[in-house]
Structure formats: C-alpha cells, structure tokens
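One structure is given here, and the rest of the page talks about it.
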Amino acid sequence: MKMSKLFVQTLREFPNDAEAISHKLLVRAGFIKKLTNGIYTYMPLAQRVLTKISNIVREELNATGAQELLMPFVQPAEVWQKSGRWQVYGRELLRCKDRHDNDMCLAPTHEEVITSVVSEVVNSYKQLPINLYQIQTKFRDEIRPRFGLLRGREFIMKDAYSFHTSQEDLEREYEVMAKAYSTIFKRCGLETKAVQSDSGAIGGAVSHEYMVLTDTMVGENDVFYCENCDYSANSNHAISILPLEATNGADYGYSEEKIVDTPNVKTIEELAEFLKINPNCILKAVAYIADSNPVIVMIRGDKEVEETKLLNALNALEIRPMENSEVREYLNSEAGFISYRNVDKSKVRVIFDKTAQNMKNFVLGANIKDKHIVGANLESNIEFFDVSLVKEGEFCPVCHKPLKVTRGIEVGNIFQLGTKYSKPMNACYTDENGQLKPYIMGCYGIGVSRTMAAAVEKYHDDFGIIWPIQIAPYHVDIVPVNIEDPEQSKVAYELYEKLCALGIETVIDDRYDRAGVKFKDSELIGFPIRITVGKTISEGLVEFKTRKDGQMIKLTPNEAIEKCQQILLN
RNA sequence: CGGGAUGUAGCGCAGCUUGGUAGCGCACCUCGCUUGGGACGAGGGGGUCGCAGGUUCAAAUCCUGUCAUCCCGACCA
C-alpha cells in the first residue's frame with residue numbers, strides 16, 4: 001500500500017474529548033472516527049486489525065469444531081418476550097417499531113435467536129452437541145459509554161453458543177472454550193487472566209471473564225487474585241476468608257447491652273472515634289431499595305456492601321441506596337442510626353452479611369436519633385449471606401494466603417447457561433428414551449473491537465501505538481527519506497515489490513513530505529518494522545528498526561527482507 | 001438519572017468580563033524553495049459562533065430555554 005493512497009488522517013494533537021490512552025491514540029493515529037457518542041467508524045487501518053483478530057478467533061474456534069454463522073442484527077420483540085427478557089433487559093436494549101408498528105430491537109446479544117434457530121433444526125440427541133458462533137456488530141445503549149472502543153454502544157463481538165444433552169458435556173465444552181480463549185488472546189499478543197465472575201444479565205451459574213490486567217483506571221473491573229494458588233475473581237464475585245481481628249466489643253468495655261448517647265455521630269468513622277472502638281466492632285446497617293422494596297443490609301462496620309452480590313442474594317433486578325426521606329418513611333429512623341431491630345420485618349427485608357456472624361458485644365444503631373446500642377448480640381436462627389466487597393489482604397478462600405487486587409479490562413467471557421433460555425423458550429430435543437428435554441447451553445463472548453483497544457492500552461509509548469505483530473495493520477513501513485532522490489526511490493520500490501511478493505504486508509511512504517513527518521506517523525501508527533532508505537544507500541545499506549524495542553541495525557535490502565521473514569515466523 | 005465542565009472552520013484553541021468588521025495555529029489549495037525527526041516564504045479557500053427564543057439600533061458576547069459532548073457515581077464484550 002502506498003501511504004499517499006492510504007485512507008488515513010493522522011492528527012498532530014490528541015483529541016480533546018478522549019481520556020483513555022487507547023482512545024486518544026486510535027483517534028490521533030487515524031484508526032477510528034466518532035460518529036456520535038459510543039459509535040465509531042473503523043477506518044481502513046482499524047479494519048485490518050479487526051480482521052486479523054477475527055481471523056485468529058475463527059481459526060481457533062473452527063479448530064474446536066465450532067461453526068460460524070451470521071444472525072440478524074434487527075430482531076422482533078417476540079423472541080425476547082418468549083425468553084422473558086423483553087421486560088427484564090431495561091433501557092440498554094434499544095427498542096423501536098417497524099412500519100407495521102411491530103416492536104423490534106437492535107441485538108445486544110443473541111441467545112434468543114440462536115436458541116430459536118437451533119430448536120428448529122436440532123430435534124434429536126444425535127445432533128448434539130453443537131457449537132455455533134458469529135462475529136457481528138452488537139448494540140447496547142449503555143448508560144455511560146466511555147473510553148472510546150473500550151465501552152462503546154455499538155461494538156464488534158464474537159459470540160458463540162453451545163448446546164448439549166448433559167451438564168457433563170457442557171462442562172467438557174466449557175473447558176475446550178477456556179483453552180481456545182487463552183490461545184486466541186495469546187495469539188493476539190495479549191496476556192489474559194481467566195477470573196471467576198458474576199453472570200449478570202446473561203444469566204447462568206458458572207462463568208469466567210478473560211481480563212487483560214492493567215494498572216490504569218480504564219480497567220473497569222477490580223480483580224482479586226492469589227499469588228500462591230490460581231484463585232482469581234472479579235470483585236463482584238470474589239469471596240475471602242477474613243483475617244482474624246478483634247470483633248468483640250467487650251474488649252472496649254462494652255460487655256453489657258445498653259443505649260448510649262452519640263450526638264450527631266453519623267458515620268462509622270465518627271462513631272468509632274467517638275466510642276474509641278475499632279470499626280469492626282460496629283454492626284452497620286446499609287439501606288437500599290431493591291425493585292422498589294426496602295431492604296437493609298447488616299454488615300460489619302469496616303466492610304462495604306458489594307451490590308452485585310446483594311442483587312443476587314435478593315434475586316432482584318435493580319438496586320439503589322435508600323434516600324433519607326425513605327429512611328424516615330420505611331424505617332422510622334434517621335440515617336446514621338439505623339438498626340435491623342424495631343423495623344417492621346413484614347415490610348422491610350433484612351439481610352445479614354456473613355461478616356456479622358462472629359461479632360460479639362457489638363455496637364449497633366438504636367433506630368433513635370443520636371443514640372446507639374453497645375454490647376449487643378445477635379439473636380439465634382439468623383441466615384447469613386455473603387454480600388460484602390472483598391478487600392486486598394483478606395485471605396484466599398482456596399489456600400488462605402492474602403489476596404491481591406488489580407484492574408482488568410474484560411475482553412472475553414464464558415458462561416454455563418444451563419437451561420436458562422431453552423426452558424422458557426421451550427427449545428427441546430428428543431432423548432434416547434423418546435423424552436423431550438431442554439438443551440443444556442453454554443455461551444462464549446469475545447469483544448473484538450475491545451480487544452483491539454485493550455492491545456493499544458497495553459502496548460504504546462510516548463510516540464504512539466506499538467502493535468503486536470500478529471494484529472498489526474501492516475507489518476512493515478518503508479520510509480524513503482527523500483522520495484525524489486532517484487536512487488532511494490528505486491531501492492525503496494524494489495524492496496516494496498519484493499516484500500509484497502512474499503506476502504509481507506507493507507506500506508511504502510511515497511509522500512513528498514520530509515523525513516520527520518514520515519517517522520512521526522510511522523511511530524504513531526505503530527508499524528512493527530520500519531525500513532528507512534536514506535543516506536546509507538551509498539554503502540548499499542538500509543536501516544532496519546523494530547518499533548517494540550527501538551533497535552536499529554544497518555542491513556542490505558536482501559538481509560532486511562530475510563530479517564522481516566524471520567520476525568514474522570516467530 | 002444525579003454532580004462538574006465544554007460547545008466558535010476538518011483538528012486544537014483565542015475572542016465573551018466591558019455587545020459594534022469572526023480571529024490564531026495545524027490541516028487543505030497555488031507558486032517558490034527545501035528533503036534524516038511534525039521546514040520556510042508568498043498568496044488563497046473554508047465558519048448560519050450547537051439550536052431556539054428574548055433584550056438591544058446592534059448579540060459569538062447579555063438573559064431564558066433546549067440539545068449535544070466530556071469527566072465523576074449505578075451497566076458490560
């Protein structure tokens with residue numbers, strides 16, 4: 001490709017509406033252009049990267065026996081009503097009507113359609129198992145799109161769905177996919193960690209997320225992991241063994257239950273300070289509205305509520321903190337002094353976190369303004385749930401060593417769905433005994449456009465992007481310092497022809513610009529290899545430079561070609 | 001949806017306080033010169049100042065409303 005013909009416009013400055021480095025660089029280097037919030041055009045350079053990632057995905061999935069198909073992006077409400085998600089999915093599902101006034105939607109995912117398609121084709125256990133996938137645009141009307149491609153509204157996703165006759169066979173396929181995923185990301189030049197996760201709106205029991213670990217804010221997930229064993233989990237799913245700490249209020253002299261004055265002491269910090277007590281001896285109450293029902297969570301004072309865990313414990317869809325007016329209305333109390341005692345349990349659901357379990361003689365809100373109870377103890381027969389957020393340093397649930405935390409960008413995930421979709425949609429096959437059985441399903445996603453952004457997030461420097469060669473838009477950038485110099489031009493074009501003939505993807509920067517412009521663009525765009533044809537041509541040499549380590553060596557044109565081949569083979 | 005900020009040429013910005021000819025840099029076009037790290041000179045094209053009302057002889061500028069975008073919190077590939 002001649003640079004003069006390549007449809008790309010690099011910018012001299014970073015766009016001012018971008019925050020994430022991948023967003024800034026992809027825009028500045030001319031890979032993407034924003035149409036509107038969370039919706040981008042993939043320019044030719046980006047399209048080449050996406051194609052490469054997609055092809056790696058295809059090769060690895062095809063190797064497992066999965067088959068590619070392509071499903072509709074615009075879907076009728078019917079299939080969503082059948083699965084029950086038309087009501088459940090919320091405003092993230094972009095709905096519209098066709099000219100006949102039928103309800104339609106833009107596909108955020110394809111469980112409904114694939115289940116419907118498979119149920120028409122697969123009638124017998126003899127046709128199972130099967131794994132089908134597609135690579136396609138998805139639309140999710142995210143509350144807050146941000147970070148460019150990392151959280152767009154429209155994005156490219158590979159989604160695969162498998163169908164089985166038994167849980168065992170699903171688990172077998174799940175392992176196959178897990179392996180394929182590791183290979184796929186590795187081939188894209190990305191190290192990933194498979195972490196346990198909550199299954200969210202997609203549903204199902206077991207799931208793992210593939211995270212690219214990063215120390216920046218754009219990793220939107222907190223990942224807890226153990227350095228000793230291989231336990232790792234998203235914060236919305238992580239569990240821990242708490243370090244042994246004093247949780248006995250008697251240590252602070254509160255061995256007898258009584259009400260004490262705590263004027264204007266509202267927060268846990270203030271209360272701990274006021275009573276000269278460790279926060280972990282306070283049983284705090286956090287009030288929520290879950291699907292318009294009041295809930296209070298009793299949790300140890302030094303711990304936070306993990307709302308996804310709470311959502312699951314309550315089997316609720318939506319959750320938000322209670323407002324002060326609602327505290328008065330439902331709990332007949334003031335924020336800061338709430339307690340599970342003296343609330344109407346028929347109206348207010350009370351959840352005890354497991355951190356409350358071993359507390360003795362603790363401090364508790366008195367449900368009266370400016371008063372707390374000290375030396376309190378829990379009644380027996382209380383059911384405990386795990387709804388607390390893990391903290392770094394708490395102990396691994398597997399091997400009891402301290403857990404670490406890091407940020408992660410989720411580039412893929414795998415779910416064991418079970419019969420979550422097949423049952424409501426009545427999608428069944430006939431088994432060996434002539435019985436109708438719902439399919440046991442799994443589903444497996446990879447964010448293709450997000451993977452591209454994650455690679456940039458991971459591999460860049462002050463000059464621009466450093467593409468892993470496996471997914472780089474082109475392998476080599478030939479820079480004739482002065483295209484008007486007949487000797488340089490001749491050598492550069494010969495080199496270009498030869499590399500192209502060898503199937504090496506090459507750009508020749510044939511622009512009449514000065515060398516500095518070409519060098520800057522080369523580094524910004526992130527070509528893995530740059531071959532400069534300049535003054536050393538008098539000695540019959542060109543300069544061979546790799547983007548990754550910045551190493552420059554002088555070689556003859558033929559040696560340069562060999563070197564390219566060598567690098568591409570590795 | 002709540003809190004903060006910003007909308008002026010393709011991109012980055014100034015002008016607004018104190019109303020009076022719409023500007024700068026980059027990019028683009030022409031000519032010249034230049035060719036090893038985003039050159040230089042001369043000339044040129046391009047903007048209903050987000051949108052709608054209002055105040056005024058006069059609005060990018062003041063007032064009201066509205067829309068959009070970005071950042072911080074609840075969603076997910």
Side-chain angles (χ1 to χ4, degrees), chain A residues 9-20 23 27-28 30 33-38 53 57 89-93 108-110 135-160 181 197-202 207 209-212 217 220-221 234 236 288-289 307-308 311 317-321 323 409-415 443-454 463-464 479-485 488-489 511-524 530 532-537 543 545 552:
Chain A
Q9 175 195 40
T10 57
L11 305 175
R12 199 165 288 223
E13 288 160 284
F14 282 121
N16 97 107
D17 62 354
E19 184 70 13
H23 187 192
V27 171
R28 185 169 164 197
K33 287 218 172 285
K34 183 169 76 175
L35 181 61
T36 185
N37 191 11
I53 296 172
V57 168
Y89 216 110
R91 286 187 300 279
E92 219 176 296
L93 180 64
T109 175
H110 280 76
I135 297 174
Q136 196 212 30
T137 297
K138 297 276 182 282
F139 192 91
R140 295 185 189 170
D141 203 354
E142 295 281 348
I143 300 164
R144 184 146 103 83
R146 61 179 145 178
F147 301 142
L149 298 188
L150 287 171
R151 175 172 302 280
R153 291 195 289 175
E154 187 178 290
F155 58 97
I156 299 171
M157 182 177 171
K158 184 287 296 179
D159 45 328
Y181 269 41
S197 71
D198 182 75
S199 40
I202 309 285
S207 74
E209 292 169 342
Y210 284 76
M211 298 281 191
V212 172
M217 276 304 292
E220 293 186 283
N221 302 272
N234 191 313
N236 65 20
Y288 287 96
I289 300 289
E307 295 186 358
T308 303
L311 215 54
L317 296 173
E318 251 183 328
I319 196 170
R320 63 172 174 83
E323 286 167 23
I409 300 168
E410 183 190 352
V411 288
N413 63 20
I414 55 178
F415 293 103
C443 83
Y444 319 90
I446 288 178
V448 175
S449 45
R450 183 183 275 180
T451 298
M452 173 167 76
F463 301 104
V479 177
V481 168
N482 181 359
I483 193 72
E484 286 184 296
D485 179 307
Q488 288 182 23
S489 177
R511 294 177 296 176
Y512 287 90
D513 285 288
R514 298 165 71 88
V517 173
K518 300 181 186 181
F519 292 153
K520 291 283 183 199
D521 275 344
S522 183
E523 282 151 4
L524 182 59
R530 188 178 88 200
T532 306
V533 183
K535 58 194 174 197
T536 54
I537 202 66
E543 291 162 0
K545 191 170 183 178
M552 197 270 281

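Just so you know, these numbers use all the heavy atoms, side chains as well, and skip hydrogens, waters and symmetry mates.
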Can you check whether [X] has a side-chain N or O nearer than 4.0 Å to OP1 or OP2 of [N]?
X        : N     : result
A/Thr36  : B/U69 : yes
A/Asn413 : B/C76 : no
A/Arg144 : B/C71 : yes
A/Lys138 : B/C76 : no

Next item on the list: Using the closest heavy atom to pick a nucleotide of RNA chain B for each, name whichever of A/Gly447 or A/Ile319 lands nearer the 5' end.
Entry: A/Ile319
Indicate, yes or no, whether a donor-acceptor pair under 3.5 Å links the base of [N] to the side chain of [X].
X        : N     : result
A/Arg146 : B/C71 : no
A/Asn221 : B/C76 : yes
A/Arg140 : B/C76 : no

Next item on the list: Give the rounded distance in Å between these two atoms: CZ of A/Phe139 and C1' of B/C76.
Entry: 14 Å
Check: In whole angstroms, how far is the P atom of B/G4 from the CG atom of A/Asp17?
Finding: 22 Å
Next item on the list: Go through A/Lys33 and A/Gln9 one step at a time and tell me if the side chain to side chain donor-acceptor pair (under 3.5 Å) criterion holds.
Entry: CA-CA 10 Å; A/Lys33 287 218 172 285; A/Gln9 175 195 40; 3.2 Å; yes
Notebook entry, point to check: Do you know which of A/Arg530, A/Lys545, A/Arg511 makes side chain to side chain contact (heavy atoms under 4.5 Å, CB included) with A/Val479?
Noted result: A/Arg530
Item checked: ring-ring contact (aromatic ring centres under 6.0 Å, His included) involving A/His110 - partner list, sequence neighbours excluded -> none
Next item on the list: Starting at the 5' end of nucleotides 34-42 of chain B, put B wherever the base has a protein heavy atom under 4.0 Å, S where only the sugar-phosphate does, and a dash everywhere else.
Entry: BBBBBB---
Next item on the list: Scan A/Asn221, A/Asn413, A/Thr308 and name whichever one has a side chain to side chain donor-acceptor pair (under 3.5 Å) with A/Asn234.
Entry: A/Asn221
Note to self: The side chain of A/Arg450 is closest to which nucleotide in this list: B/A77, B/C70, B/G25?
What the structure shows: B/A77
Check: In chain order, what residues pass the salt bridge (Lys or Arg N to Asp or Glu O under 4.0 Å) check against A/Arg450, with sequence neighbours excluded?
Finding: none
Note to self: Counting neighbours of CZ on A/Phe463 that are heavy atoms of other residues, nucleotides or ligands and sit closer than 6.0 Å, is the number greater than 12?
What the structure shows: no
